[in-house]
> 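Take a look at this one; I'll ask things after.
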Amino acid sequence: MLDIQLLRTQLETVAQTLAARKFVLDTASFQALENERKVLQTHTQDLQAKRNSLSKQIGMLKGKGEDASAVMAEVSGLGDELKSAEERLAALQEKVTDFLQRLPNLPHASVPIGTDESGNVEVRRVGVPRDFDFEVKDHVDVGASLGLDFETGTKLSGSRFTFMRGQMARLHRAIAQFMLDVQTNEHGYTECYTPYIVNADSLLGTGQLPKFEADLFAAKKGGQEGEGETLYLIPTSEVTLTNSVRGEVLAADQLPIKLTAHTPCFRSEAGSYGRDTRGMIRQHQFDKVEMVQIVHPETSYATLDAMVGHAEAVLQKLELPYRVMALCTGDMGFGATKTFDLEVWLPAQSAYREISSVSNCEAFQARRMQTRFKNEQGKNEFVHTLNGSGLAVGRTLVAVLENYQQADGSVIIPQVLRPYMGGLERLTSRG
RNA sequence: GGAGAAGUGGCCGAGUGGUCGAAGGCACUCCCCUGCUAAGGGAGCAUACGGUCAAAAACUGUAUCAAGGGUUCGAAUCCCUUCUUCUCCGCCA
């Protein structure tokens with residue numbers, strides 16, 4: 001959420017900045033809402049002040065045993081007008097809040113301008129794609145004989161679900177555990193286990209609601225058809241990790257807070273029909289090791305760079321070629337001021353594909369969540385929040401299968417994963 | 001799932017309809033006192049959003065005693081709903 005003061009004082013500037021990310025700020029509507037709000041709020045508060053002071057008089061008169069009927073008659077005349085003013089004000093403020101909650105974050109000045117992913121800027125490339133002396137297969141074909149089963153996933157749940165067996169399932173688990181160990185042991189994150197089902201407040205806090213409900217899966221307790229609170233499956237553990245500090249005023253020395261978790265993520269993938277339909281690149285359910293940091297505003301950009309490094313470390317240890325991309329204004333997510341994507345090399349596609357996304361949200365989420373800290377002046381100040389994948393487990397599995405495939409159909413297991421595989425060095429169809 | 005109890009400021013805790021944004025204590029900040037010892041005295045100390053204002057300061061208003069509704073001229077106090085916590089019983093991985 002943007003600071004409403006910023007919109008009040010610099011509406012045109014905000015509109016221009018948001019235009020860079022293809023968002024059209026309806027300045028006329030905002031202005032109209034604000035004008036109406038100002039008049040109505042002042043009016044309502046005047047009426048409330050009048051009622052309060054008259055009611056106080058009644059109390060004093062009664063306390064002294066005097067007759068208060070004249071004052072009571074006066075104040076009761078306020079009733080209807082006050083009630084209607086309060087109702088109109090509440091409705092209006094709800095509109096203003098909703099308007100604000102649907103505005104994306106302002107891109108940082110250093111973010112390249114662009115309309116879509118073609119405007120992203122490559123920052124660096126690490127590792128060299130391997131030369132294959134045989135025809136490379138994609139992960140679906142490589143995995144078919146190794147326990148990667150899409151048909152069963154589809155039978156159980158529909159398209160975009162996967163079922164894994166045997167060493168393939170174990171490799172998937174090994175990747176997740178390896179990532180978690182890297183982030184906790186080497187980068188100082190605290191491992192967390194979090195709920196996978198959350199309430200609407202949590203999703204409002206990180207920005208998935210109210211605007212992107214269609215991208216989520218919703219759940220209800222059994223037998224509550226049409227009633228009861230709607231809960232949602234998390235689309236990322238960014239939601240639970242970040243919201244763990246929702247509504248809190250932190251002490252300055254608690255910062256930075258560094259959290260990580262391995263969780264499944266659930267996404268409806270509305271609007272991605274026809275994209276990445278083959279294989280497990282784009283799934284309704286996938287696992288991810290997430291990193292979240294809650295930091296002092298002054299350090300958030302240094303933290304962003306550090307977190308990109310934390311994600312890169314995983315790819316480097318797995319010896320997978322990748323590149324770092326600075327996303328342009330048109331390709332960034334709703335809550336981010338600045339985002340770096342990591343893209344891993346997929347030989348079957350002859351392309352780099354997204355495997356991690358690391359973003360600074362500055363105070364955008366903190367303002368929604370009301371997460372603050374006591375600053376040097378003893379004042380409450382919003383923290384900055386950052387999140388990043390460290391990494392997406394399913395896509396890492398894809399990358400391992402494709403990059404480590406052998407001519408005989410087996411897959412060499414990267415060195416760093418072998419301890420998690422009981423020393424196994426290779427996936428084979430006999431395995 | 002059943003029965004009961006409870007949710008007040010950073011923490012503890014008083015407060016059952018009226019000068020309550022809320023006593024008292026702890027913690028914290030500042031000042032005074034004190035030649036020692038976790039001593040004493042005084043003051044301050046919630047947040048958000050408005051208005052006056054270019055802005056800051058200041059002044060002022062409104063809201064907030066789990067959340068949301070209701071009763072009332074007036075609600076921390078009464079009623080309803082929801083959430084959460086605790087105790088007992090049941091069930092359960």
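Here is the naming used below: chain letters follow the sequence lines, and residue numbers restart at 1 for every chain.
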> Look at A/K38 and B/G51 and indicate whether a side-chain polar atom (N or O) is within less than 4.0 Å of OP1 or OP2.
yes
> Just the rounded figure in Å: distance from C1' of B/A46 to CG of A/N380.
9 Å
> To the nearest angstrom, how far is A/D201 atom CG from B/A67 atom C1'?
10 Å
> Here's a test of your reading of the structure: between A/Q45 and A/Q370, which maps to the more 5' nucleotide of RNA chain B?
A/Q370
> Which part of the nucleic acid does A/Q5 contact within heavy-atom distance under 4.0 Å: base, sugar-phosphate only, or nothing?
sugar-phosphate
> Counting Watson-Crick and G-U wobble pairs only, both distances under 3.5 Å, name the nucleotide matched with B/U81, or none.
B/A67
> Could you check whether A/R278 pairs with A/D141 (Lys NZ or Arg NE/NH1/NH2 to Asp/Glu carboxylate O, under 4.0 Å)?
yes
> Going by purine N1 to pyrimidine N3 plus the second Watson-Crick contact, or the G-U wobble pair, all under 3.5 Å, which nucleotide sits opposite B/G61?
B/C49
> Between B/A5 and B/U64, how far is it from one P atom to the other, in whole Å?
28 Å
> Classify the ring geometry between A/H187 and A/H310 as parallel (under 30°), tilted (30 to 60°) or perpendicular (over 60°).
parallel
> Of the options B/U47, B/U62, B/G51, whose atoms approach the side-chain atoms of A/T42 most closely?
B/G51
> Using the C1' atom as the reference point in each nucleotide, state the distance between B/C45 and B/C31 in Å, no decimals.
15 Å
> If the P atom of B/G18 is compared with that of B/A58, how far apart are they to the nearest Å?
34 Å
> Which base sits across from B/C92 as a Watson-Crick or G-U pair, both distances under 3.5 Å?
none
> Suppose you measure atom P in B/G69 against the same atom in B/A63; what distance do you get, rounded to whole Å?
14 Å
> Considering only side-chain heavy atoms of A/A49, which listed nucleotide, B/U19, B/G61, B/U47, is closest?
B/G61
> So what does A/R372 touch, heavy atoms closer than 4.0 Å: a base, only the sugar-phosphate, or nothing?
sugar-phosphate
> If I pick the C1' atom on B/C83 and the same atom on B/C12, what distance separates them, to the nearest angstrom?
24 Å
> At under 4.0 Å between heavy atoms, what does A/I58 touch on the DNA or RNA strands: base, sugar-phosphate, or nothing?
base
> In terms of side-chain heavy atoms of A/K62, which of B/U62, B/G51, B/G18 is nearest?
B/G18
> Answer with yes or no after comparing the ring centroid distance for A/F373 and A/H296 against a 6.0 Å cut-off, counting only values under it.
yes
> Of A/K50 and A/D3, whose closest RNA chain B nucleotide lies nearer the 5' terminus?
A/D3
> What integer number of Å spans the P atoms of B/G4 and B/C80?
13 Å
> Which whole-number value in Å describes the distance from A/Q41 CD to B/A48 P?
15 Å
> Parallel, tilted or perpendicular: which describes the rings of A/H108 and A/Y301, with under 30° parallel and over 60° perpendicular?
tilted
> Of the options B/G74, B/C49, B/U62, whose atoms approach the side-chain atoms of A/S55 most closely?
B/G74
> Need the pair for B/C30. Rule: Watson-Crick or G-U wobble, both distances under 3.5 Å, any strand; none if unpaired.
B/G42
> Using whole Å, report how far NZ of A/K83 lies from P of B/U71.
5 Å
> May I ask which nucleotide in the shown strands pairs with B/U87, Watson-Crick or G-U wobble, both distances under 3.5 Å?
B/A3
> Are OP1 or OP2 of B/C83 and a side-chain N or O of A/N199 less than 4.0 angstrom apart?
no
> Whole Å only: how far is the CG atom of A/L61 from the C1' atom of B/G18?
11 Å
> Can you see whether A/E191 engages A/Q183 through a side-chain donor-acceptor pair at a distance of less than 3.5 angstrom?
no
> Does the gap between the ring centers of A/F212 and A/F334 come in under 6.0 Å?
yes
> How is A/D46 classified with respect to the nucleic acid when contacts are heavy atoms under 4.0 Å: base, sugar-phosphate, or nothing?
nothing
> What is the distance, rounded to the nearest whole Å, between atom CG of A/L204 and atom C1' of B/A67?
15 Å
> Taking the P atom in each of B/A14 and B/C78, what is the distance between them to the nearest angstrom?
15 Å
> In the structure shown, which nucleotide is the Watson-Crick or G-U wobble counterpart of B/U16, with both distances under 3.5 Å?
none
> Figure out the CD/P separation between A/Q10 and B/A54, and round it to whole Å.
17 Å
> Of the options B/U47, B/A63, B/G51, whose atoms approach the side-chain atoms of A/R37 most closely?
B/G51
> Rounded to the nearest Å, what distance is computed from the CG atom of residue A/L82 to the P atom of nucleotide B/G74?
8 Å
> Considering just the side-chain nitrogens and oxygens of A/N52, establish if one lies under 4.0 Å of OP1 or OP2 belonging to B/G74.
no
> The side chain of A/M72 lies closest to which of these nucleotides: B/U62, B/C73, B/U19?
B/C73
> Using the C1' atom as the point on both nucleotides, what is the distance between B/U62 and B/G74, in whole Å?
16 Å
> From the set B/C73, B/G61, B/A63, return the single nucleotide nearest to any side-chain atom of A/V75.
B/C73
> Is there a donor in the side chain of A/N52 and an acceptor in the side chain of A/S55, or the other way round, less than 3.5 Å apart?
no
> Would you say the side-chain atoms of A/E213 and A/Y232 include a donor-acceptor pair closer than 3.5 Å?
yes
